[in-house]
*Asks:* 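Before I ask anything, here is the structure I am working with.
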Amino acid sequence: MKAANHQITWLGQLGNNPLAVAGLLIVGLLCIVALSAPWLAPYDPHAIDTWHILESPSRAHLLGTDLLGRDCLSRLIYGARISLLVGIVAVGIATVIGTILGSLAGFYGTWIDGLIMRLVDIILCFPTIFLVMAVIAFLEPSILNIMVVIGLTSWMGVARLVRAEFLSLKQRDFVMAARISGASNARIASSHILPNAVAPILVATTLGVGGAILTESALSFLGIGVQPPTPSWGNMLTEGKDNLEIAWWLSMFPGLAILVTVLGYNLLGEGLRDALDPRIRDSEGKS
Amino acid sequence: MQDWKILSRITFSSTIILNMSMFLYLIKKIFTLGSTFLGITLISFMVMHLAPGEPMSLQTDFNPKMTPEMRERLRAQYGLDRPLHIQYLQWLKGLAVLDLGLSFSPDRRPVWDKIKERLPVTLLINILAIGLILVIAVPLGVAAAVHHNSIFDQITTVLVFVAYAAPAFWVALLLMLYFGIYLGWLPISGLHSLMGYTQMSGWEKLLDWCRHLILPVLVSALGGLAGLSRYTRSSMLEVLRQDYITTARAKGLPEKKVIYKHALRNALLPIITILGLSIPGLIGGSVIFESIFAIPGVGQLMWTGVMARDYPLLMGNLVIVSVLTLLGNQLADIGYALADPRIRAGVKTKD
């Protein structure tokens with residue numbers, strides 16, 4: 001009963017925050033667009049039409065056509081699939097790694113904690129994009145590789161969060177009670193402590209998706225991410241850059257799509273943060 | 001009078017004890033720094049050597065004349081046939097004297113020479129960007145906090161959210177499109193003009209550089225600007241709630257003094273940390289804007305290295321860039337200590 005009440009309160013709080021609702025709407029809408037791409041897209045995103053290359057937006061092609069006469073709107077819609085897929089899977093990988101390492105560090109403390117946190121500090125010294133580029137250089141730039149590499153280089157925030165949560169929770173009475181009643185370490189960690197850390201993980205995950213989408217689009221823009229002809233917002237922008245003087249629409253819309261998507265996730269994440277745990281918000285900005 | 005004397009004596013004796021703890025703190029700090037540095041080198045090395053795909057394969061796979069013997073000879077020449085830990089130690093030994101090996105590219109130049117000539121440009125742009133971030137973000141955040149929930153606050157909040165979500169390379173394209181192509185006010189690539197640059201006088205050269213740097217600096221500052229102004233705002237809001245602010249107001253200090261002298265000074269502390277944390281993002285961003293604006297910096301070098309699978313270059317770049325980040329973070333730490341009288345005296349109040 002109490003749990004149900006709690007859920008109602010935070011959902012209600014989320015609903016009262018117009019920015020968070022906007023974020024939720026954007027994210028929901030994008031998921032629908034990505035899932036129903038084949039029905040929404042007016043053209044085949046790969047269909048080349050040499051009679052209509054670099055046409056500015058018109059009624060036939062709402063967002064214009066590109067260098068090969070492909071319909072930009074259709075490519076944008078299919079691009080949503082790539083961006084969301086990469087963003088969500090990469091953050092999923094990061095969350096799993098971060099949760100495991102953070103739990104180990106927070107639960108066992110001592111040298112395990114020292115070692116893992118040192119690793120976190122070290123990896124945080126690498127500018128993400130440099131690290132990702134260095135790894136990608138020796139791999140095929142496939143979508144799977146990009147997701148894995150982004151995931152492998154962005155788990156540190158989650159690890160820190162989970163560790164902090166473990167540190168503060170493992171001293172509590174209910175953990176002691178579980179220990180006395182004979183629960184194993186693994187059980188205490190996974191079913192007594194971890195569920196309490198879900199809220200901050202959820203916030204970090206939501207905010208992380210926006211970051212992962214930005215990284216993917218930057219990589220694709222640099223030509224080492226998702227490879228053409230697969231449409232991704234990042235590699236569409238590369239084409240926009242090469243034709244900047246003659247076709248503004250090639251640069252305008254994919255960027256706008258990235259902006260709106262990342263904005264949606266960030267708004268939702270901040271809204272969740274406020275709704276789930278006012279504590280986190282208060283501690284934000286402190287060192 | 002008596003009280004004051006006792007107080008001064010206490011402070012005096014506590015300084016000695018604190019100096020001792022300061023010393024221990026320094027030792028610990030040096031150890032931390034050293035191990036982090038070693039970790040950076042180890043990870044850079046591992047990333048390059050454990051990633052599937054031979055560093056040589058790009059050069060050898062597509063060369064029909066390449067026989068297995070020649071390939072082996074090439075591997076031996078680059079030291080790739082020795083065991084990994086030997087290769088690592090060899091590389092580390094070189095690193096100590098800034099010998100990062102020779103680039104795989106046809107010019108075969110030392111990697112450090114390549115990085116050295118490009119580092120100043122990247123540093124210059126990043127330092128200018130940090131300056132710009134501080135000059136704009138801090139006053140903006142303060143104003144938003146002081147006029148909490150006003151229309152100004154709400155507008156800046158929305159703008160900050162948008163700026164934070166905007167991909168830097170897209171903003172760069174739009175700025176190029178508008179200022180470079182549509183208005184024709186600013187040059188859109190390179191560090192200086194190609195035509196007539198040598199005939200320019202010193203001042204003209206400086207002006208030319210400035211005109212070329214405006215857009216790159218603006219673009220690289222954008223993300224940090226949004227983040228920092230948001231942090232300034234929340235940090236200011238927190239400080240403004242404190243009792244001593246009420247006290248300052250109650251004793252009749254002018255509002256300006258309350259905000260800039262009492263509140264901002266305290267609010268700035270976390271901002272220094274945040275600034276330190278944003279350094280990797282800034283340097284990482286240089287890959288993007290350097291490739292867009294065709295600026296010959298470290299980021300562009302990295303990109304070239306990726307394209308050519310030039311792994312001595314990539315490894316060197318990765319290490320140098322992350323050591324720079326480490327140094328930047330240390331600078332932020334020192335800045336924090338300088339700004340906080342509690343830490344300056346050697347007392348660590350909060351963890």
*Asks:* Of the listed residues (Asn266(A), Val260(A), Leu222(A), Ile136(A)), which shares the most heavy-atom pairs with chain B below a 4.5 Å separation?
*Replies:*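 Most heavy-atom pairs within the cutoff with chain B belong to Leu222(A).
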*Asks:* Considering only heavy atoms, which portion of Phe126(A) lies under 4.5 Å from any heavy atom of chain B: side chain, backbone, both, or neither?
*Replies:* both
*Asks:* Which residue out of Ser291(B), Gly305(B), Ala166(B), Ser322(B) racks up the most heavy-atom pairs below 4.5 Å with chain A?
*Replies:*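 Most heavy-atom pairs under 4.5 Å with chain A: Ser322(B).
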*Asks:* Given that the side chain runs from C-beta out, which part of Leu314(B) has a heavy atom under 4.5 Å from chain A: side chain, backbone, both or neither?
*Replies:* side chain
*Asks:* For Thr128(A), is it the side chain, the backbone, both or neither that has a heavy atom under 4.5 Å from a heavy atom of chain B?
*Replies:* neither
*Asks:* Does the side chain of Trp303(B) reach to within under 4.5 Å of the side chain of Asn317(B), using non-hydrogen atoms?
*Replies:*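 When only atoms from C-beta onward are counted, Asn317(B) and Trp303(B) do not touch, as no gap falls below 4.5 Å.
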*Asks:* Does Tyr164(B) OH have over 12 foreign heavy atoms under 6.0 Å away?
*Replies:*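 At most 12 heavy atoms, drawn from other residues, nucleotides or ligands, come within 6.0 Å of this atom.
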*Asks:* Chain B heavy atoms under 4.5 Å from Leu124(A): which part of the residue, side chain, backbone, both or neither?
*Replies:* backbone
*Asks:* Is any side-chain heavy atom of Met252(A) closer than 4.5 Å to one of Leu177(B)?
*Replies:*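 Leu177(B) does not reach Met252(A) side chain to side chain.
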*Asks:* Side chain from CB out, backbone as N, CA, C, O: work out which of these in Leu326(B) comes under 4.5 Å of a heavy atom of chain A, or both, or neither.
*Replies:*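 Both parts, backbone and side chain.
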*Asks:* Roughly how far, to the nearest 0.5 Å, is CZ of Phe169(B) from CG of Leu174(B)?
*Replies:* 11.0 Å
*Asks:* Do the charged groups of Glu270(A) and Arg230(B) touch, with an N to O distance under 4.0 Å?
*Replies:* yes
*Asks:* For Ile129(A), is it the side chain, the backbone, both or neither that has a heavy atom under 4.5 Å from a heavy atom of chain B?
*Replies:*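 Interface part for Ile129(A): side chain.
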*Asks:* If you measure from CD on Glu216(A) to CH2 on Trp233(A), what distance do you get to the nearest 0.5 Å?
*Replies:*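 Glu216(A) atom CD to Trp233(A) atom CH2 measures 9.0 Å (nearest 0.5 Å).
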*Asks:* Less than 4.5 Å to any heavy atom of chain B: does that hold for the side chain of Leu256(A), its backbone, both, or neither?
*Replies:*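 Leu256(A) touches chain B through backbone and side-chain heavy atoms alike.
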*Asks:* If you measure from CG on Leu19(A) to CG on Leu268(A), what distance do you get to the nearest 0.5 Å?
*Replies:*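 It is 11.5 Å, given to the nearest 0.5 Å.
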*Asks:* Quick check for you: to the nearest 0.5 Å, what is the distance between Asn266(B) atom CG and Glu238(B) atom CD?
*Replies:*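 Going from CG on Asn266(B) over to CD on Glu238(B), the span is 11.0 Å.
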*Asks:* In terms of heavy-atom proximity below 4.5 Å to chain A, should Ile181(B) be classed as side chain, backbone, both, or neither?
*Replies:* side chain
*Asks:* Sub-3.5 Å donor-acceptor pair from the side chain of Thr232(B) to the main-chain atoms of Val138(B), do we have one?
*Replies:* no
*Asks:* Listed by residue number, which members of residues 28-36 of chain B have a heavy atom under 4.5 Å from any heavy atom of chain A?
*Replies:*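 Counting heavy atoms that sit under 4.5 Å from chain A, the residues of residues 28-36 of chain B involved are Thr32(B), Ser35(B), Thr36(B).
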*Asks:* If you count heavy atoms of other groups shown closer than 6.0 angstrom to CH2 of Trp249(A), is the number above 12?
*Replies:*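 Atom CH2 in Trp249(A) is crowded, with more than 12 foreign heavy atoms closer than 6.0 Å.
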*Asks:* Whether the side chain of Arg81(A) engages the backbone of Ala34(A) through a donor-acceptor N/O pair (distance < 3.5 Å, no angle test) should be reported.
*Replies:* yes
*Asks:* Which residues in residues 142-158 of chain A have a heavy atom less than 4.5 Å from any heavy atom of chain B?
*Replies:*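 From residues 142-158 of chain A, none sit under 4.5 Å of chain B.
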*Asks:* Do Leu237(A) and Ile258(A) come close enough that some side-chain heavy atom pair is under 4.5 Å?
*Replies:*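 Sidechains of Ile258(A) and Leu237(A): in contact.
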*Asks:* For the OG atom of Ser278(B) and the CG atom of Leu275(B), what is their distance to the nearest 0.5 Å?
*Replies:*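 These two atoms lie 4.5 Å from each other.
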*Asks:* Quick one: are Thr261(A) and Ile26(A) in side-chain contact, heavy atoms under 4.5 Å?
*Replies:* no
